[in-house]
J.: 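Below: one structure in structure tokens.
All ligand and atom numbering here is 1-based and tracks the order in the structure. Note that the coordinates shown come from a computational prediction; the quantities given were computed from them, not determined experimentally. Counting from 1, the numbers follow the sequence of the chain as shown.
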Amino acid sequence: MRLILLRRLGTDGLPPHAEWIKIPPMKKILLLGSGELGKEFVISAKRLGCHVIACDSYEGAPAMQIADESCIFSMLDEGALRAAIAKYRPDLIVPEVEAIRTEVLVDVENEGYEVIPSARAANLTMNRDRIRDVAAGLGVRTAKFSYAESVEELHAHAKAIGFPVVIKPVMSSSGKGQSVAKSESDIQASWDFACMGMRGDRKKVIVEEFINFEFEITLLTIRQKNGPTLFCDPIGHVQERGDYQYSWQPQQMNHDVLKAAQEMAAKVTADLGGAGLFGVEFFVTKDEVIFSELSPRPHDTGMVTLISQNLSEFDLHARAILGLPIPSIECVEGASAVVLATKEGNDPTYTGLEEALNERGVDVRIFGKPTTRPYRRMAVALASGPDALVRARTAAAKITVH
Ligand SMILES: Nc1ncnc2c1ncn2[C@@H]1O[C@H](COP(=O)(O)OP(=O)(O)OP(=O)(O)O)[C@@H](O)[C@H]1O
Ligand SMILES: [Mg+2]
């Protein structure tokens, strides 16, 4: 960390006992992606005195409403991304989404810019195939998988793995283009659906063994600049259409299984390098834990930590990337439940907020997205204490987006 060193001078103008006061300067952060996770991260970073430039492809994005400055461009556009970095010359480049021209991040890291957690991590997690290959290469247990670039290949690989299989575009997020094929007759529809949900122009899918898990978890893993790798208590969650609906912390689980998950998370994140918080996803079956995927940044299911931990995942990310200490992470029972839009629209309004908030231990975060579309996540209800999950889901159900 760059430090401004102030020397206290003695009355005679000479340094008396070489006493130094260290004042950390304000860091300039270029945030790539300005959704609801970015917004909470900006709040955490601003509380620690940072200057944040929030970037995204549209005006009025959630994080832009809090940041010092904003910059609107497509982060998949190489020229525009390079221009933004050259214009602001940030101390830290903090990706908040996957859809970034990550080759640029690799280049600028070589030029001396600091990319969070590392350009390698951003680059390898942009597509599902790269990070899956890294995990498998490290000997981490994953679902059986292979890749297909045509419907014929998909038929062959699905058959070899055994039905049912899960099919996902290698380049997509939030469940887009993802489906389960129960038999050969579903393959064509799954291929077409994946091609529709694909980001970028690369027609490639991952086809995976369907894991009949008991539950799935996100293990928030923090790599520090000056300390050991830390873990939050596991977060349980439920997904629909490949998108998270509600989450809770702590997920009760067998100690040895949790230890195994922590070891895998430590191994994969160490390979990616750098400092920051990672969301590592696992499936937990009766007798084993299986690595699924990873985000090198705060995770949507981790929004529960806004109410369940003394330091939220956003506070932890901010501290880790600034090289600040994290002496302890404390967790109480908590839960989160999403509030979704049902149709297309602009300037949404919300009803039912009074009813939702009129309950002890319940809180709500409205993201402030300027437009709606079916299933778009607009807000999250949070609850702490006993029955947190029931209370978070009840609160979320009371809120309607218009
Ligand atoms: N092999 C599998 N077996 C069973 N369920 C799966 C499998 N792969 C994915 N799922 C289910 O689909 C959900 C979403 O899949 P995944 O996490 O791979 O993609 P994603 O959510 O689109 O990615 P992101 O988390 O980046 O948004 C998982 O959380 C899990 O519930
Ligand atoms: Mg996921």
J.: Is the closest side-chain heavy-atom distance between I43 and E40 below 4.5 Å?
T.: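 Yes, close enough: below the 4.5 Å cut-off.
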J.: Kindly list each side-chain donor-acceptor pair under 3.5 angstrom involving residues 329-344, sequence neighbours excluded, with atom names and distances?
T.:
{"from": "E330", "atom 1": "OE2", "to": "S328", "atom 2": "OG", "distance (Å)": "2.5"}
{"from": "S336", "atom 1": "OG", "to": "Y244", "atom 2": "OH", "distance (Å)": "2.7"}
{"from": "S336", "atom 1": "OG", "to": "S247", "atom 2": "OG", "distance (Å)": "2.8"}

J.: Keeping D68 on the side-chain end and V52 on the backbone end, is there a donor-acceptor pair under 3.5 Å?
T.: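 Here the side-chain-to-backbone pair exists.
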J.: Which pairs with one or both residues in residues 161-173 pass salt bridge (Lys or Arg N to Asp or Glu O under 4.0 Å), sequence neighbours excluded?
T.: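 Residue pairs with at least one partner in residues 161-173: K168-E208.
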J.: Is there any ring-ring contact (aromatic ring centres under 6.0 Å, His included) pair reaching into residues 308-356, and which pairs are they, with sequence neighbours excluded?
T.: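 Passing the test, one end in residues 308-356: F41-H317.
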J.: What N, O or S atom of E293 is found closest to the Mg ion (ligand 2)?
T.: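 Nearest N/O/S atom of E293: OE2.
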J.: Does the plane of the ring in F282 sit parallel, tilted or perpendicular to the ring in F291? Use 30° and 60° as the thresholds.
T.: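 It falls in the perpendicular class, over 60°.
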J.: At less than 4.0 angstrom from any atom of ligand 1, which residues have a non-hydrogen atom? List them by chain and residue number.
T.: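 Its neighbours under 4.0 Å (heavy atoms only) are E98, R128, V166, K168, S173, S174, G175, Q178, E208, E209, F210, I211, F213, E216, Q239, G242, E281, F283, E293, given by chain and number.
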